[in-house]
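Below is one structure, written out as structure tokens; the observations come after it.
In what follows, chains carry the letters A, B, and so on, assigned in the order in which the sequence lines appear, proteins first and then strands, with residues in each chain numbered from 1.
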Amino acid sequence: MALHLTNTLTRKKELFTPQNAQNVTFYTCGITPYDYAHIGNLRVMVVFDVLFRLLRQTYGESHVTYIRNFTDIDDKIIQRAHEMNQPPTDVAEKYIKVFHQNMQAMNCLDPTHEPRVSTSMQEIVEMVDALVASGYAYVAASGDVIYRTNRFPTFGQLVNRKLAEQQSGARVEVDSEKESAHDFVLWKANAKSATKMEQAFIPAKYGAKHFSAAGRPGWHIECSAMSKQLAGATLDIHAGGEDLQFPHHSCEIAQSEALSHKPLANYWLHNSFITVGGQKMSKSLGNFTTIPQALEQFPPMALRYWLLQTHYRKPVDFSPDAVKAAAKPAARLQKAIAAAQAMATAKGTPTEAFIAALNDDLNTSKALAELNKAAAELSAESAAEFLAMADVLGINAT
RNA sequence: GGCCGGAUGGUGAAGUGGCUUAACACAGCGGUUUGCAAAACCGCCAUUCGUCGGUUCAAAUCCGACUCCGGCCUCCA
């Protein structure tokens, strides 16, 4: 069976067909480095690391472009910078460095590109400018640039939502500067910010003609700009956490498609959450465990095994006991990998059953079962294929 | 109010019409090994899949109703 993925756009499991099998493009929304990332972020990284590895296995290592951004300019970072009395870039740099170390510990492959807001400012400003020029955005009195959702009739389609039926302001107060409650900010002018940014970006410096207030980009525009910059108008796959469907991904679609008139992505993938006692783990609820904390408490491969034991579209409940229960089988697999490395003479390929499991919408649970069976029956003949399977799941010996 | 998910043994979890009296794993129990223990290995461990009804030769899997739980509706992975 060829790769099938559940596409949020259609809510169906569909056969995956890339635009160009020589260069499959895949984008995952990365972190905002204002603090240590938590294990909810880790789930995204691990799940889509497996997808990246599977795509490389299928299309060849040099035929997959994986993009994962850092939103390194953001109000939370600025806030944090004030608290820490450091430049925002230093704050971002600090947490990016830790994140990279953590990803390495977790045996996540480096993405092909890791763009940052701070280095994609040109593309972002150009996009905002073009949206204003074409009437998809307007400049408010404060200098904020705001997306005009009424101009984009299919806004909210990703989540199958009719805007008129939504409770605007259900959680966040509606900004009075907006023409419509659903409109969202593309560019935030400094004048309005509670905490002024030390390094304001001046649109004119990047050639903007239709807006001018010094400030910084809004939350959603960076992903639109970066994916266009690195992968063109249409990505094969765009992935992220379930909570990004709305507003983040819905806004990205509105921004990108207004200008390109092409789908931003052909396949949208969303993973479910990590919960704690049945409740979503989140920064705002305070019920989170950071990745560095998790790595202090548990071996990386125990965390990986624990995460991959559950299908990515189902919630995983976090408890120390649950991760500990994964440590034993993970360690056994690691020993088997070390043993297989001593036996294998050539590079192998995974078994058909194993690949079929992953091709079925990334059934890592079933793939793990296949890997366990292969470990139990490990021999000199099967060592190479066993190693190939462990590699696709990103499980390593150390 | 609208939209979207989920409910499978003591536990995590796969399974979307017959190959599943339910994969794989954790815990537990019995055994082999061991000076003892640990580790390792072998074996046992759900006739049952939220509730009620329906379709079918056949349902955890399809349909309907219901109950409960979670998520989203501009901080969030």
Would you indicate what A/H220 reaches in the nucleic acid, counting non-hydrogen atoms under 4.0 angstrom: base, sugar-phosphate, or nothing? nothing
When the C1' atoms of B/U8 and B/A25 are considered, how many whole Å apart are they? 15 Å
Please give the distance between the P atoms of B/U47 and B/A60 as a whole number of Å. 13 Å
With a 3.5 Å limit on both atom pairs, tell me what B/A58 is paired to, counting Watson-Crick and G-U wobble, or say none. none
pair_partner(B/U33), Watson-Crick or wobble, both distances < 3.5 Å, evaluates to none
So what does A/M45 hit on the nucleic acid, given a heavy-atom distance under 4.0 Å: a base, only sugar-phosphate, or nothing? nothing
Atom CZ of A/F155 and atom P of B/G2 are separated, to the nearest Å, by 21 Å
Which part of the nucleic acid, if any, lies within reach of A/G40 when heavy atoms closer than 4.0 Å are counted: base, sugar-phosphate only, or nothing? base
Could you check which of B/C73, B/A39, B/C75 has an atom nearest any side-chain atom of A/W219? B/C75
Under 3.5 Å, is there a donor on one side chain and an acceptor on the other for A/E252 and A/H248? yes
Let's see if you can work this out: which of B/C72, B/C75, B/A25 has an atom nearest to the side-chain heavy atoms of A/Y305? B/A25
Considering only B/C73, B/A25, B/A77, which nucleotide approaches the side chain of A/Q309 most closely? B/A25
A/F152 ring centre to A/R148 NZ or CZ under 6.0 Å, with the angle to the axis within 45°? no
Could you tell me how the ring of A/Y95 sits relative to the ring of A/Y36: parallel (under 30°), tilted (30 to 60°) or perpendicular (over 60°)? perpendicular
Under 3.5 Å for both donor-acceptor distances, Watson-Crick or wobble: does B/A38 have a partner, and if so which one? none
Assign each of A/K373 and A/R332 the nucleotide of RNA chain B bearing its closest heavy atom; nearer the 5' end lies the nucleotide of A/K373
What integer number of Å spans the C1' atoms of B/U55 and B/A65? 15 Å
Over-ring placement of A/K283 relative to A/F288, 6.0 Å and 45° cut-offs: yes
From CG of A/L393 across to P of B/A25 the rounded distance in Å is 15 Å
Which base, if any, makes a Watson-Crick or G-U wobble pair with B/A25, both distances under 3.5 Å? B/U11
Consider the side chain of A/K314, meaning its heavy atoms from C-beta on, and name the nucleotide among B/A14, B/A77, B/G71 that approaches it most closely. B/A14
Check the angle between the aromatic planes of A/H270 and A/H249 and answer parallel, tilted or perpendicular using the 30° and 60° thresholds. tilted
Classify the nucleic acid contact of A/S272 as base, sugar-phosphate or nothing, counting any heavy atom under 4.0 Å across all strands shown. base
What class does the angle between the rings of A/F184 and A/Y147 fall in, given that below 30° is parallel, 30 to 60° is tilted and above 60° is perpendicular? parallel
Determine the contact category for A/L42: base if any of its heavy atoms lies under 4.0 Å from a base atom, sugar-phosphate if only primed atoms, P, OP1 or OP2 are that close, otherwise nothing. nothing
Pick the P atom in B/G43 and in B/C26, then give their distance to the nearest Å. 14 Å
Gap in Å between the two P atoms, one belonging to B/C72 and one to B/G64, rounded: 27 Å
What's the OH-C1' distance between A/Y312 and B/A13, to the nearest Å? 17 Å
Any donor-acceptor pair under 3.5 Å between the side chain of A/R11 and the base of B/C4? no
Touch class at under 4.0 angstrom, heavy-atom based, for A/D183 against every strand present: base
Considering only B/C76, B/A25, B/G6, which nucleotide approaches the side chain of A/S282 most closely? B/C76
Taking for each residue the nucleotide of RNA chain B bearing the nearest heavy atom, is the 5' side occupied by A/N160 or by A/N271? A/N160
Mind checking if A/Q245 touches a base, just sugar-phosphate, or nothing, with heavy atoms under 4.0 Å? nothing
Between B/G50 and B/C73, how far is it from one C1' atom to the other, in whole Å? 28 Å
Taking a pair to mean Watson-Crick or G-U wobble geometry with both distances below 3.5 Å, B/C45 pairs with none
Does B/C72 have a Watson-Crick or wobble mate here (both distances under 3.5 Å), and if so which one? B/G2
Assigned partner base of B/A65, Watson-Crick or wobble definition, under 3.5 Å: B/U51
Using the C1' atoms only, state how far B/G15 lies from B/U21, rounded to an integer number of Å. 14 Å
Which is true for A/K328 with a 4.0 Å heavy-atom rule: it touches a base, it touches only sugar-phosphate, or it touches nothing? sugar-phosphate
Indicate, yes or no, whether a donor-acceptor pair under 3.5 Å links the base of B/C26 to the side chain of A/K324. no
Is a side-chain donor-acceptor pair under 3.5 Å present for A/Y66 with A/T28? yes
In whole angstrom, give the distance that lies between atom CG of A/L371 and atom P of B/A14. 17 Å
Which of the following nucleotides, B/A25, B/G70, B/C72, is nearest to the side chain of A/Q279? B/G70
State which of B/G70, B/A23, B/A39 makes the closest approach to the side chain of A/A369. B/A23
Regarding B/C24, can its base be found pairing with the side chain of A/S365 as donor and acceptor, where the two atoms are less than 3.5 Å apart? no
Nearest 0.5 angstrom please: A/F273 CZ to A/E242 CD, how far? 4.5 Å
Since syn is defined as within 90° of 0, does B/G9 count as syn or as anti? syn
